[in-house]
Amino acid sequence: MLDRRWVADHTEEVIENCRRRGMPESLLEEIARFSSLDADRRRLKGEIDGLNQQAGLVSRSIGKAASDEEREARKAEGRQLREQISALEVTINEVVAAGDVILRSIPNLTHPDAPAGGEDASVEVRRGSTPLPTFDFKPLDHVSLGEKHDLFDFEAGSKVAGHGFLFSKNDAVLLELAMQRYAVEILARRGFTLTTTPDLARDSILEGTGFMPRGPETQIYSITDSDLSLVATAEITLGGAMQDHVFDADELPLKICGISHCFRTEAGAHGRATRGLYRVHQFTKVEMFAFTKPEESEAMHAELLDIECELFDGLGIPYRVLDIASGDLGGPAYRKYDLEAWMPGRGEAGDWGEVTSTSNCTDYQSRRLGIRFRTPGAKGTTLVHTLNGTALAIGRAMIALLENHQQADGSITIPQPLVAWMGKDRITT
RNA sequence: GGAGAGGUGGCAGAGUGGUCGAAUGCGCGUCUUUGCUAAAGACGUGACCGGUCAAAAGCUGGUCCACGGGUUCGAAUCCCGUCCUCUCCGCCA
């Protein structure tokens, strides 16, 4: 979330930003209301502070009271003050709660260079080093390739868990492991701390990271009779792990890699391009997360993007990089780049499909999570910036890999960097 | 899962109803002594929300002793719930 005080003092700027992001008119009106709510909060806070001071003085005087009558009189006075305070606290809590609802619904500010507009306004800013493939045969999509080589069992997935789940089989398993090993290798070399993370997290952690468990339109699976949910991405746990932490300045920037399963209900996503691996309820992802000082976050964002490019260039997968338009940014993102890989089997004659996403969330997540750093000699603490990026989302990357590397004879070549981990250089029948 | 112990400032650790944001030690900062280092001494050393101020500093009010509730004029201290840690037992990959 944004800073409460800053929002109250910069209402016009905040509204302008929301307009740029295509937020509904109703939210803009709410933001205008926020400023007066916050003024109420401050006024009430002043009153309560004053009463607290009085009540404290009264309480302390009781021990030194000269007589029983005086003591009783003071007690009554103290009781009366506390009642006033309680009443005001009820009011201020309501005001704060109303303000918080608004504050939490306000998205992050937007990078001035991010393209303005909706989904279609995103701008291609870069291409990968691998050219689009040319086939002298009709390329298959990954589902057909999977059938040919017995790589996936969607029926078994449906049987045990329902539509959107699958079993990987045979060479697909080796490939999954090889891809993870490949990604981890590159991230380790880039100075990331390697972790595997819990696949479940408390609802409070989800909320702190900006996810909404248990709403009517939630994308999150939750566990009945507990406060746990299945994570949609390791971003939740990697950010959540540092909740309320204060870094020393020399610990930053900190780069962490987390491998987790990701679970998404994909509510309302039926009927879209969901064949095969593209949109499933569970997949494995190698995620990057970074904590930086504010002035370092843009450079870190560029680094995360570079790593994503390096990973896909290394796999020989053609892709384009999109600078995501303001209207299509998620709430916490100040700026976001997506990699879209070329998927020859997608649509009529191939199409781009999103495979990674990297966001600079500036201090939007860290404010709610209370993640700060301290500079020696300087007073106070400063909120860190958080960034996240996909290293490899296994399912989607595998679609691109299988479809781009298929050969006329039906076999699939394994990109060189994976061969050692995979133990073979080709998938054949 | 069962039984017990416990969660206090950057760390260690005292504090069982008021004068406690909290002793003491370590660490850290400034200064003094010293040719440098070491050592010693003096002083200082948290976060958050407000007020004052153009702003910062400063000054000033409040809140914070895991978290949330309760009792009380008053809670780090008493009661309840939650979370977490440790020890033992059970179970288990």
Side-chain angles (χ1 to χ4, degrees), chain A residues 1-10 34-100 102-104 196 198-208 213-214 222-229 236-237 240-252 254 261 294 363 366-384:
Chain A
M1 60 184 176
L2 295 178
D3 181 62
R4 166 187 300 281
R5 190 65 189 265
W6 193 88
V7 171
D9 293 345
H10 297 81
F34 179 80
S35 184
S36 77
L37 277 172
D38 195 60
D40 288 347
R41 180 187 68 84
R42 269 184 258 178
R43 180 177 52 74
L44 288 163
K45 163 94 170 126
E47 287 179 35
I48 290 172
D49 283 358
L51 289 170
N52 260 325
Q53 187 181 10
Q54 280 184 52
L57 291 172
V58 168
S59 285
R60 276 189 291 274
S61 74
I62 287 172
K64 298 178 217 140
S67 65
D68 280 355
E69 293 104 77
E70 191 189 333
R71 208 186 320 276
E72 289 310 312
R74 289 293 173 120
K75 280 192 186 182
E77 193 184 344
R79 208 173 342 222
Q80 199 260 334
L81 282 167
R82 296 288 172 185
E83 274 164 21
Q84 280 185 51
I85 291 167
S86 296
L88 283 177
E89 276 176 344
V90 169
T91 312
I92 199 172
N93 286 343
E94 284 166 3
V95 169
V96 167
D100 276 354
I102 299 170
L103 194 59
R104 274 202 291 272
T196 60
D199 288 339
L200 275 69
R202 287 180 207 292
D203 290 345
S204 60
I205 296 289
L206 290 260
E207 283 159 11
R214 299 177 205 256
S222 54
I223 309 288
T224 308
D225 292 332
S226 83
D227 65 342
L228 292 169
S229 294
I236 292 166
T237 42
M242 290 299 167
Q243 187 165 42
D244 295 321
H245 185 70
V246 181
F247 287 101
D248 290 328
D250 62 11
E251 294 176 278
L252 300 175
L254 178 64
H261 293 120
D363 59 9
S366 60
R367 182 170 294 108
R368 180 108 67 106
L369 288 168
I371 308 176
R372 294 159 294 161
F373 72 96
R374 195 191 319 276
T375 308
K379 235 184 126 135
T381 55
T382 311
L383 293 168
V384 302

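Sequence lines set the chain letters: A, B, ... in the order given, protein chains first and strands last, and positions in each chain run from 1. Remember, predicted model here, so these are calculated numbers, not experimental data.
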message: Distance check, P atoms only: B:rC67 and B:rA55, in whole angstrom units.
response: 33 Å
- request: Determine the Euclidean distance between corresponding C1' atoms of B:rA66 and B:rG9; express it in Å to zero decimal places.
  value: 14 Å
query: So does A:Thr381 get a side-chain nitrogen or oxygen closer than 4.0 Å to the phosphate oxygens (OP1/OP2) of B:rC48?
result: yes
Can I get a per-line list of side-chain donor-acceptor pairs under 3.5 Å for residues 74-85 of chain A, giving both atom names and the distance, sequence neighbours left out?
| residue | atom | partner | partner atom | Å |
| --- | --- | --- | --- | --- |
| A:Arg74 | NH1 | A:Ser61 | OG | 2.7 |
| A:Gln80 | OE1 | A:Gln84 | NE2 | 3.4 |

task: Measure from the side-chain N and O atoms of A:Thr381 to the backbone N and O of A:Phe373, and report whether any donor-acceptor pair falls under 3.5 Å.
output: no
Nearest to side-chain heavy atoms of A:Gln53, which nucleotide of B:rC73, B:rG61, B:rC49: B:rG61
query: Quick one: what's the B/S/- string for nucleotides 64-70 of chain B, heavy-atom cutoff under 4.0 Å, read 5' to 3'?
result: -------
field: P gap between B:rA76 and B:rG62, integer Å
entry: 14 Å
message: Can you measure A:Ile62 atom CD1 to B:rA75 atom C1' for me and round it to whole angstrom units?
response: 14 Å
Close N/O contacts between protein and nucleotides 51-56 of chain B (under 3.5 Å):
| residue | atom | partner | partner atom | Å |
| --- | --- | --- | --- | --- |
| B:rG51 | OP2 | A:Arg5 | NH1 | 3.4 |

field: Under-4.0 Å side-chain N/O to phosphate OP1/OP2 contact, A:Arg60 with B:rC20
entry: no
field: Backbone N/O of A:His261 and side chain of A:Asp199: donor-acceptor pair under 3.5 Å
entry: yes
A:Asp49 (side chain) and B:rG61 (base): donor-acceptor pair under 3.5 Å: yes
message: What I want to find out is whether A:Arg5 reaches A:Asp38 closely enough, with some N-O distance under 4.0 Å, to be called a salt bridge.
response: no
message: What's the gap between B:rU8 and B:rU63 when it is taken at their P atoms, as a whole Å value?
response: 22 Å
- request: Could you give the distance separating B:rA14 and B:rG21 at their C1' atoms, to the nearest angstrom?
  value: 15 Å
field: Nucleotide B:rG10, atom C1' - distance to CZ of A:Phe247 in whole Å
entry: 15 Å
message: Tell me whether A:Arg368 contacts the main-chain N or O of A:Glu207 through its side chain, where contact means a donor paired with an acceptor under 3.5 Å.
response: yes
- request: Would you mind reading off the distance between A:Asp244 atom CG and B:rC48 atom C1', rounded to a whole angstrom?
  value: 12 Å
message: Looking at A:Arg202, I'd like to know whether one of its side-chain N or O atoms comes within less than 4.0 Å of OP1 or OP2 on B:rC84.
response: yes
field: Shortest side-chain distance from A:Arg374, nucleotide among B:rG74, B:rG50, B:rG46
entry: B:rG46
